[in-house]
Number of protein chains: 2
Amino acid sequence: MTVPISASPVPAPVSPLKVTPASPLFLREDEIRRGIELLYFGYTSMIRGADAILEAQGLGRAHHRALYFIARRPGLSVGELIGLLGITKQSLGRVLTDLTGRELVEQRVGVADRRQRLLSLTPSGAALEARLFTELERSMARAYGEAGQQAVTGFWAVLMGLVPPDGRAQVEALQG
Amino acid sequence: MTVPISASPVPAPVSPLKVTPASPLFLREDEIRRGIELLYFGYTSMIRGADAILEAQGLGRAHHRALYFIARRPGLSVGELIGLLGITKQSLGRVLTDLTGRELVEQRVGVADRRQRLLSLTPSGAALEARLFTELERSMARAYGEAGQQAVTGFWAVLMGLVPPDGRAQVEALQG
DNA sequence: GAAATTGGGACAGTCATGTTGACTTATCTG
DNA sequence: CAGATAAGTCAACATGACTGTCCCAATTTC
């Protein structure tokens with residue numbers, strides 16, 4: 001990455017006014033640690049907003065995650081939800097028993113495959129998920145607004161880069 | 001959303017070539033959900049890399065977080081660590097008992113205030129933390145490299161925006 | 001100097017959420 | 001029909017958070 005300058009004796013830096021330029025190779029330990037720490041604090045800050053609502057309902061974050069993905073992809077099967085959450089059938093089972101018992105989630109038999117149980121939110125489940133989403137949205141919308149449109153694109157790009165290549169299709173499929 | 005057409009017969013859109021322009025106000029629900037989901041999957045993908053090392057040591061993620069912050073700010077007090085982790089004294093107590101019992105962390109009496117116990121890593125603790133950090137670094141460095149320098153700046157900006165204003169000083173103080 | 005506050009440790013109990021393993025039922029597919 | 005798959009269930013267990021209480025030593029305050 002050396003720029004050959006033959007004629008001029010002292011090669012002047014290209015941008016002398018930038019005091020702390022980011023390393024071109026992104027390899028400095030401090031930059032890695034900054035990312036790790038911001039990811040930790042940013043993530044926990046965002047989800048903390050919904051905790052009060054959940055606690056008032058006697059639910060936990062595991063219930064929230066299930067509600068979120070069922071809202072996002074209504075009609076998904078139990079197996080698909082297990083894959084998204086990355087937990088075992090037994091762990092999800094307890095959460096799903098809670099949610100169906102409270103009539104926040106309902107199941108119906110799959111059409112193509114009658115072994116499947118397709119999940120969707122009841123009206124009250126959708127109302128609760130909307131309240132929870134509003135909390136996350138408040139936090140995320142403020143961050144987007146403060147950082148600006150270009151920053152948001154970078155935010156998405158780095159986060160997608162953190163996901164192992166074989167998992168990216170799943171994330172993309174969830175969206176769009 | 002009807003467009004009144006009075007004088008000019010067909011008002012041409014301003015940017016007819018942009019197929020899916022990002023909303024200027026960053027308020028479209030899909031953009032919020034994309035951020036929520038990428039943050040969730042990106043965060044879990046990054047930390048998952050260290051789990052195998054931890055499990056081999058019989059330690060958990062709580063131990064990792066404590067090791068990380070002690071490595072980052074050697075000599076910090078128990079109270080400061082509690083503040084960073086956002087957990088109670090009792091919860092941290094068990095983790096710290098484990099780590100000191102395994103001689104990964106050591107405590108010494110505070111100099112200015114002798115009630116304090118200042119935490120630091122032993123050589124073997126530093127070695128373990130370095131191995132764990134290498135795992136996180138591998139993931140983060142790849143994401144930085146794929147996304148590019150400008151994206152990293154945006155990544156940082158959005159994440160800092162997620163942190164409530166009264167908590168940002170603490171995050172900044174951890175760095176630099 | 002006495003009293004109140006603070007930093008830290010310890011004990012006991014509880015809850016939420018994850019795990020493994022084994023078994024059952026219904027259904028689909030070769 | 002035989003085997004594989006989707007889902008549910010029971011039991012046991014591990015982790016990591018919580019609350020509440022009590023204690024000690026050191027510091028700060030009056």
Side-chain angles (χ1 to χ4, degrees), chain A residues 40 43-44 47-48 50-70 75-102 105-120, chain B residues 40 43-44 47-48 50-70 75-102 105-120:
Chain A
Y40 171 70
Y43 177 73
T44 58
I47 62 176
R48 188 162 296 142
D51 284 351
I53 298 172
L54 288 167
E55 193 181 0
Q57 307 281 326
L59 301 175
R61 290 180 178 174
H63 302 93
H64 187 186
R65 288 194 290 274
L67 284 175
Y68 181 94
F69 285 118
I70 296 171
L76 91 171
S77 70
V78 171
E80 289 168 341
L81 184 53
I82 285 172
L84 281 173
L85 294 172
I87 60 177
T88 61
K89 184 174 54 168
Q90 292 79 355
S91 296
L92 179 60
R94 186 176 28 209
V95 171
L96 234 38
T97 300
D98 289 349
L99 294 176
T100 52
R102 289 159 187 264
V105 167
E106 57 188 7
Q107 308 188 347
R108 57 179 203 286
V109 170
V111 280
D113 185 337
R114 287 162 38 92
R115 291 171 305 181
Q116 292 182 331
R117 297 294 176 271
L118 306 185
L119 304 168
S120 55
Chain B
Y40 171 70
Y43 177 73
T44 58
I47 62 176
R48 188 162 296 140
D51 284 351
I53 298 172
L54 289 167
E55 194 182 357
Q57 307 281 326
L59 300 174
R61 290 180 179 176
H63 302 93
H64 187 186
R65 288 194 290 275
L67 284 175
Y68 181 94
F69 286 119
I70 296 171
L76 89 173
S77 70
V78 171
E80 289 168 341
L81 184 53
I82 286 172
L84 281 172
L85 295 173
I87 61 177
T88 61
K89 184 176 56 167
Q90 293 81 354
S91 297
L92 179 60
R94 186 180 28 207
V95 171
L96 234 39
T97 301
D98 289 350
L99 293 176
T100 52
R102 290 160 185 264
V105 167
E106 57 187 8
Q107 308 187 347
R108 58 180 202 284
V109 170
V111 279
D113 187 336
R114 287 159 39 90
R115 291 172 304 180
Q116 292 182 333
R117 297 295 176 270
L118 306 185
L119 305 168
S120 56

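So that the names make sense, note that chain A is the first sequence line, chain B the second, and so on, each numbered from 1.
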Seminar exercise, completed: Of B:Arg114 and B:Asp98, the one whose nearest nucleotide on DNA chain D sits closer to the 5' end is B:Asp98
Problem set entry | Residue pair B:Leu81 / B:Leu96: nearest heavy atoms and the distance that separates them | CD2-CD1, 4.4 Å
Seminar exercise, completed: Winner on side-chain proximity to A:Thr88, out of D:dG8, D:dA17, C:dT19, is C:dT19
For this session: Take the protein atom CG of B:Leu118 and the nucleotide atom C1' of D:dA26, then report the distance between them rounded to whole Å.
Result: 14 Å
For this session: Using the side chain to side chain contact (heavy atoms under 4.5 Å, CB included) rule, take B:Val109 and B:Arg117 through it: C-alpha gap first, then chi angles, then the decisive distance, then the call.
Result: CA-CA 5 Å; B:Val109 170; B:Arg117 297 295 176 270; 4.1 Å; yes
Problem set entry | Which residue lies more 5' along DNA chain C, comparing A:Leu92 with A:Gly110 via nearest heavy atoms | A:Leu92
Problem set entry | Side-chain (B:Arg114) to main-chain (B:Ala112) donor-acceptor, under 3.5 angstrom | no
For this session: Check whether any side-chain heavy atom of B:Leu85 sits under 4.5 Å from a side-chain heavy atom of A:Tyr40, and report yes or no.
Result: yes
Problem set entry | Distance in angstrom units between B:Leu99 CG and D:dT15 P, rounded | 13 Å
Problem set entry | 5' priority, DNA chain C, between A:Lys89 and B:Ile82 [closest heavy atom] | B:Ile82
For this session: Mind calculating the distance between CZ (A:Arg117) and C1' (D:dT5) to the nearest angstrom?
Result: 13 Å
Exercise. To the nearest Å, how far apart are B:Ile47 CD1 and D:dG16 P?
Worked result: 12 Å
Exercise. Nearest-Å distance, CG (B:Leu96) to C1' (C:dC11)?
Worked result: 17 Å
Problem set entry | Short side-chain N/O contact to D:dT15 OP1/OP2 from B:His63, under 4.0 Å | no
For this session: Please assess A:His64 against A:Leu59 for the test side chain to side chain contact (heavy atoms under 4.5 Å, CB included), listing each intermediate value before the final yes or no.
Result: CA-CA 8 Å; A:His64 187 186; A:Leu59 301 175; over 6 Å; no
For this session: Check every strand shown and say whether B:Gly79 touches a base, only sugar-phosphate, or nothing at a heavy-atom separation below 4.0 Å.
Result: sugar-phosphate
For this session: For A:Glu80, answer base if it contacts any base atom (sugar-phosphate contacts may also be present), sugar-phosphate if it contacts only those atoms, and nothing otherwise; contact means non-hydrogen atoms under 4.0 Å.
Result: nothing
For this session: Would you classify B:Gln107 as touching base, sugar-phosphate or nothing, given that sugar-phosphate means primed atoms plus P, OP1 and OP2, and contacts are heavy atoms under 4.0 Å?
Result: sugar-phosphate
For this session: Please answer whether the main-chain N or O of B:Gln57 pairs with a side-chain N or O of B:Arg102 as donor and acceptor at a distance below 3.5 Å.
Result: yes
Exercise. Could you state the CG-C1' distance from B:Leu54 to D:dT15, rounded to the nearest angstrom?
Worked result: 12 Å
Exercise. Could you state the CG-C1' distance from A:Leu59 to C:dT17, rounded to the nearest angstrom?
Worked result: 13 Å
Seminar exercise, completed: From CD1 of A:Ile87 across to P of D:dA7 the rounded distance in Å is 13 Å
Problem set entry | Under-3.5 Å donor-acceptor pair between A:Arg115 side chain and D:dT5 base | yes
Seminar exercise, completed: A:Gln90 has its side chain closest, among D:dA4, D:dA11, C:dG9, to D:dA11
For this session: Would you tell me if any nitrogen or oxygen in the side chain of B:Ser91 comes within less than 4.0 Å of OP1 or OP2 on D:dC18?
Result: yes
Problem set entry | Closest to the A:Arg65 side chain, choosing from C:dG18, D:dA6, D:dA26 | C:dG18
Problem set entry | Candidate nucleotides C:dT19, C:dT17, D:dC18, ranked by approach to the side chain of A:Arg61 - the nearest | C:dT17
For this session: Looking at every strand, decide which applies to A:Arg94 at a 4.0 Å heavy-atom threshold: base, sugar-phosphate, or nothing.
Result: base
